[in-house]
Amino acid sequence: PDERLPWAQTGLMGIQHVIAMFGSTVLAPILMGFDPNLAVFMSGIGTLIFFLITGGKVPSYLGSSFAFIGVVIAATAYAGKGPNANIGVALGGIIACGLVYTLIGALVQAIGTGWIERFMPPVVTGAVVAVIGLNLAGIPIKNMAASNFDSWMQLVTFVCVALVAVFTRGMVQRLLILVGLLLATLIYLLLANGMGLGKPMDFSGIVNAPWLGWPKFTAPVFDSGAMLLIAPVALILVAENLGHIKAVQAMTGRNLDPYIGRAFI
């Protein structure tokens with residue numbers, strides 16, 4: 001946490017992190033009928049606020065949480081396709097959850113982390129973080145089982161990332177997702193655009209897209225039933241965040257316990 005890479009390496013790591021976070025940060029709002037543009041926008045703002053509150057000492061990115069999906073769908077009776085007609089009700093519940101989460105953070109900051117670590121030991125927080133990954137793992141496995149060109153390309157992408165992880169060293173190995181994805185993209189261009197084996201890659205949508213845009217905002221609706229249903233998700237968020245912080249703490253060899261309360265706030 002106290003080290004800073006040169007700007008060129010920082011930029012490359014940032015690009016890789018955008019790729020790594022993009023799938024889940026966009027998928028979660030789509031599953032709830034939210035605007036993915038707004039989710040990414042607020043995710044960036046939340047991460048910047050998190051960075052300032054923790055003094056830049058906790059390297060984390062604040063993306064979408066899958067813990068909200070079930071309760072939001074239940075509270076809004078979302079059918080699963082298109083925009084969520086009751087998104088305001090969901091937002092009101094999420095705000096209530098955020099307030100509960102902030103109160104827990106203030107309490108941790110005031111009296112320490114001992115009590116919360118007794119309630120949520122590593123076996124609990126580690127299991128929560130592991131389950132998140134295992135739940136997501138089924139999606140690419142199911143897609144790869146389709147046995148068409150796209151499913152084979154998913155396998156090729158996975159193999160490219162794995163080869164970079166195993167056979168490279170230093171900065172290239174740390175950029176395994178970015179480098180592996182670039183290799184897979186070149187293979188896709190060769191097979192699809194060059195040999196016509198799949199749908200050609202089309203960059204016209206990116207070229208014609210505006211450089212700047214503004215997401216569509218929605219006013220929250222504070223429905224007591226939805227708030228009571230969604231607010232308890234704060235407990236799951238505590239387990240998620242505590243697990244992430246403990247994992248970063250283990251990887252970096254730094255004691256991040258003094259920042260746990262700030263991280264929750």
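The number of heavy atoms from other shown groups lying within 6.0 Å of CZ (F167) does not exceed 12. Atom CZ of R118 is surrounded by 12 or fewer heavy atoms from other residues, nucleotides or ligands within 6.0 Å. By the 6.0 Å contact criterion, CE on M201 is enclosed, its count of non-hydrogen atoms from other residues, nucleotides or ligands being greater than 12. With a 6.0 Å radius and a threshold of 12 heavy atoms from other residues, nucleotides or ligands, F22 has its CZ atom at or below the threshold.
Here the side chain of Q173 pairs a donor or acceptor atom with the backbone of T168 at under 3.5 angstrom. Checking side-chain atoms of N84 against main-chain N and O of M32 turns up a donor-acceptor pair under 3.5 Å. Between the side chain of T10 and the main chain of L5, a donor-acceptor pair closer than 3.5 Å is present. Side chain of D223 to main chain of A226: a donor-acceptor pair is present (N/O by atom type, distance under 3.5 Å, no hydrogens or angles). Looking only at distances, no side-chain donor or acceptor of T157 sits under 3.5 Å from a matching main-chain atom of L181. Formation of a donor-acceptor pair under 3.5 Å by the R169 side chain with backbone atoms of V166 is found in this model.
Contact check for I187 versus C160: side-chain heavy atoms found under the 4.5 Å cut-off. Side-chain contact check for L186 versus L190: every heavy-atom pair is 4.5 Å or farther apart.
If you take CG on L62 and CG on N241, they are separated by 7.0 Å, rounding to the nearest 0.5 Å. Within the model, atoms CD of Q249 and CE of M251 stand 11.0 Å from one another, a figure rounded to the nearest 0.5 Å. Note that the CZ atom of F34 and the CG atom of L91 stand 5.5 Å from one another [nearest 0.5 Å]. The distance from atom CG of L176 to atom CG of L183, rounded to the nearest 0.5 Å, is 11.0 Å. In this structure, the separation between OG1 on T76 and CD1 on I87 is 9.0 Å, given to the nearest 0.5 Å. Atom CZ of residue F203 and atom CG of residue N193 lie 7.0 Å apart, to the nearest 0.5 angstrom.
The hydrophobic clustering, which links ILVMFWY residues whose side-chain heavy atoms are closer than 4.5 Å, places I94 and V100 together. Hydrophobic clustering (ILVMFWY, side-chain heavy atoms < 4.5 Å, transitive): L235 and I111 are in one cluster. Under the 4.5 Å side-chain heavy-atom criterion for ILVMFWY residues, no single connected hydrophobic cluster contains both Y188 and I177. Under the 4.5 Å side-chain heavy-atom criterion for Ile, Leu, Val, Met, Phe, Trp and Tyr, L48 and F51 are members of distinct hydrophobic clusters. The hydrophobic clustering, which links ILVMFWY residues whose side-chain heavy atoms are closer than 4.5 Å, places V40 and V18 together.
Taking all atoms of both residues into account, the shortest heavy-atom contact from M13 to R174 is SD-O, 4.3 Å. Annotation for Y78 and I30: closest pair OH-O, 3.9 Å, computed over non-hydrogen atoms. Listed here is the closest heavy atom pair of A192 and P200: CB-CA, 4.3 Å. Residue F66 comes nearest to L31 through the heavy atom pair CE2-CD1, 4.3 Å, listed as atom of the first residue, atom of the second, then distance. Heavy-atom minimum distance, P215 versus N37: CB-C, 4.2 Å. Closest non-hydrogen pair, S64 versus A39, comes out as OG-CB, 4.4 Å.
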Evaluation steps, side-chain contact (heavy atoms from CB on, under 4.5 Å), between M227 and F222: CA-CA 7 Å; M227 289 191 290; F222 296 101; 3.9 Å; yes

Residues W152, L191; criterion side-chain contact (heavy atoms from CB on, under 4.5 Å); working and verdict: CA-CA 11 Å; W152 282 106; L191 296 178; over 6 Å; no

T54 vs S60, side-chain contact (heavy atoms from CB on, under 4.5 Å): CA-CA, chis, key distance, verdict: CA-CA 10 Å; T54 59; S60 288; over 6 Å; no

CA sep, side-chain torsions, deciding dist, call: Y61, F50, side-chain contact (heavy atoms from CB on, under 4.5 Å): CA-CA 9 Å; Y61 174 83; F50 177 88; over 6 Å; no

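Each of I236, L237, I73 was compared with F68 under the side chain to side chain contact (heavy atoms under 4.5 Å, CB included) criterion, and only L237 meets it. Residue L178 forms a side chain to side chain contact (heavy atoms under 4.5 Å, CB included) with just one option from V161, I19, V164, and that option is I19.
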